[in-house]
Amino acid sequence: MAMALPLAYASSVVNPFEAGRLSFSTKATKHKKHIYQFRKVTKVLAYYGLANPPYKLDALEPYMSRRTLELHWGNIHRGYVDSLNKQLANSPLYGCTMEELIKTTFNNGNPLPEYNNAAEVWNHDFFWESMQPNGGRLPWGGVLDQIEKDFGSFSNFRDEFVHSAMMLFGSGWVWLVLKTNERRLSIVRTSNAVCPLVWGDIPIISLDMWEHAYYLDYKVF
Amino acid sequence: MALRTLFSKKAFTTASGFRPIAAGDRCFLRQARGLTVAALPDLAYDYGALEPAISGEIMRLHHQKHHQAYVTNYNNALEQLETAMAKGDASAVVRLQSAIKFNGGGHINHSIFWKNLKPVNEGGGEPPHSTLGWAIDTDFCSLEALVQKMNAEGAALQGSGWWLALDKGSKKLSVETTANQDPLVSKGANLVPLLGIDVWEHAYYLQYKNVRPDYLKNIWKVINWKYASEVFDEETA
């Protein structure tokens, strides 16, 4: 069992309670040496991996080029994951899903140093999911009903969404969220890395308006 | 002379940029419809003159598209402000403030930025001497230390912003960062910008991709310390 511990470093989030159980389950007298070795190397780390987008990197052409995705996902998104893991190596934060980590590190508006990287990792994961090859069709079912209820029509919603994106000053994101308190859809702009999860709202789709998201393909918008 | 200036690609700028408006100048302001509006200033060098530190493509887009957009939107906002003020529409006046701050700030910042850059064969990258040089040594120990500090702060800046360095308020130099297009005065009314570096992604992405530290390392080769010195001397006189 002690041998299983190194694997905990490698991939997904480590459950600290399991790690604790591992150490106590070892017979003290017989495996004292193992315990000491175990205790020496025991340091529970949170470690997050870079998820692949749910499509090949050229699947969004001609709207978003393979080159953009190679850089955006392969360099920038990966960079946030690596930076986050580096920060977490010296941090007491562990055992969290990414959503929990974001809310914890947002710290009610006084963000901890890990917030920016954590939020950007999640934001980009969500962004890839917000797009699909051969997409651009109309939504259907409950989402369309709610859009029509809250915006009048899908094209009204799209115009408002685009307008909101054009009004963003600086780097940031545009979101369609379901506001949990008001129980309605709303278009929200956030700056830099801010994510609507921190306010308890539910993102439906997002759009990355940082310049790196579109500059290679569209230059100036 | 004035006609040649009007049609030449280079701007008729003096070193400090502080002088009264004269006929034939392609400078900061122009009178139109009774409202003083902003105009896109010319560069004092060709778009490709700063290569390889900054590519000609970036300079062209940055100047002709980005800066021009700030000028256009700033002028639009000013017109709307004038109308709102005439009508006494207070909420419209307040609502326009963020657009004025963003686009006006963008215009101010970029106008300084073009003067902060100079081709290598015209003195770009030459370190500062005399007054500014001594001030840098006093406040930062050395030019290398200043460059290192500025690079660190510029790389660390989240999102878009400016890294407007060397402010002189209480006769001391300091390195400040501002977010988005906030001009330096938004951090302190006594701060005078000497040297600014645009760290928005549009300033380097086409050439350096997301490796902002490389951009910051290379831009020093085309920094125009002469302009910074002149502003410094004028303010400390």
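A, B, ... follow the sequence lines: proteins, then strands. Residue 1 opens every chain.
- Side-chain polar atoms of Asn192(A) and Gln158(B) form no donor-acceptor pair below 3.5 angstrom.
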- [ ] Determine, step by step, whether Lys209(B) and Glu70(A) satisfy the side chain to side chain contact (heavy atoms under 4.5 Å, CB included) criterion, reporting the C-alpha distance in whole Å, the side-chain angles of both residues, the deciding distance to 0.1 Å, and the verdict.
- [x] CA-CA 11 Å; Lys209(B) 306 298 184 290; Glu70(A) 274 173 0; over 6 Å; no
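- The environment of Lys217(B) atom NZ is sparse: at most 12 non-hydrogen atoms of other residues, nucleotides or ligands sit within 6.0 angstrom.
- Within 6.0 Å of OH in Tyr208(B) there are more than 12 heavy atoms belonging to other residues, nucleotides or ligands.
- Under the 30°/60° scheme for interplanar angles, the aromatic rings of Phe169(A) and Phe102(B) are found to lie parallel.
- Surrounding CD of Gln148(B) are at most 12 heavy atoms belonging to other residues, nucleotides or ligands under 6.0 Å away.
- Glu57(B) places a side-chain heavy atom less than 4.5 Å from the side chain of Lys219(A).
- Counting non-hydrogen atoms of other residues, nucleotides and ligands closer than 6.0 Å to CZ of Phe154(A) gives a total above 12.
- Using a 4.5 Å heavy-atom threshold, the side chains of Asn210(B) and His72(A) count as separate.
- Summarising the geometry of Ser160(B) relative to Gly170(A), their closest heavy-atom pair is OG-C, 4.0 Å, with the distance given to 0.1 Å.
- Aromatic ring pairs are classed by plane angle as parallel below 30°, tilted from 30° to 60° and perpendicular above 60°; the pair His212(A) and Tyr205(B) is tilted.
- Interface remark: Ala99(B) contributes backbone and side-chain atoms alike to the contact with chain A (heavy atom separation under 4.5 Å).
- With a 6.0 Å radius and a threshold of 12 heavy atoms from other residues, nucleotides or ligands, Asn121(B) has its CG atom above the threshold.
- Only one option out of Trp210(A), Tyr214(A), Tyr215(A) pairs with Glu201(B) in a side-chain contact (heavy atoms from CB on, under 4.5 Å); it is Trp210(A).
- Contact annotation for Asn75(A): both backbone and side-chain heavy atoms come within less than 4.5 Å of a heavy atom of chain B.
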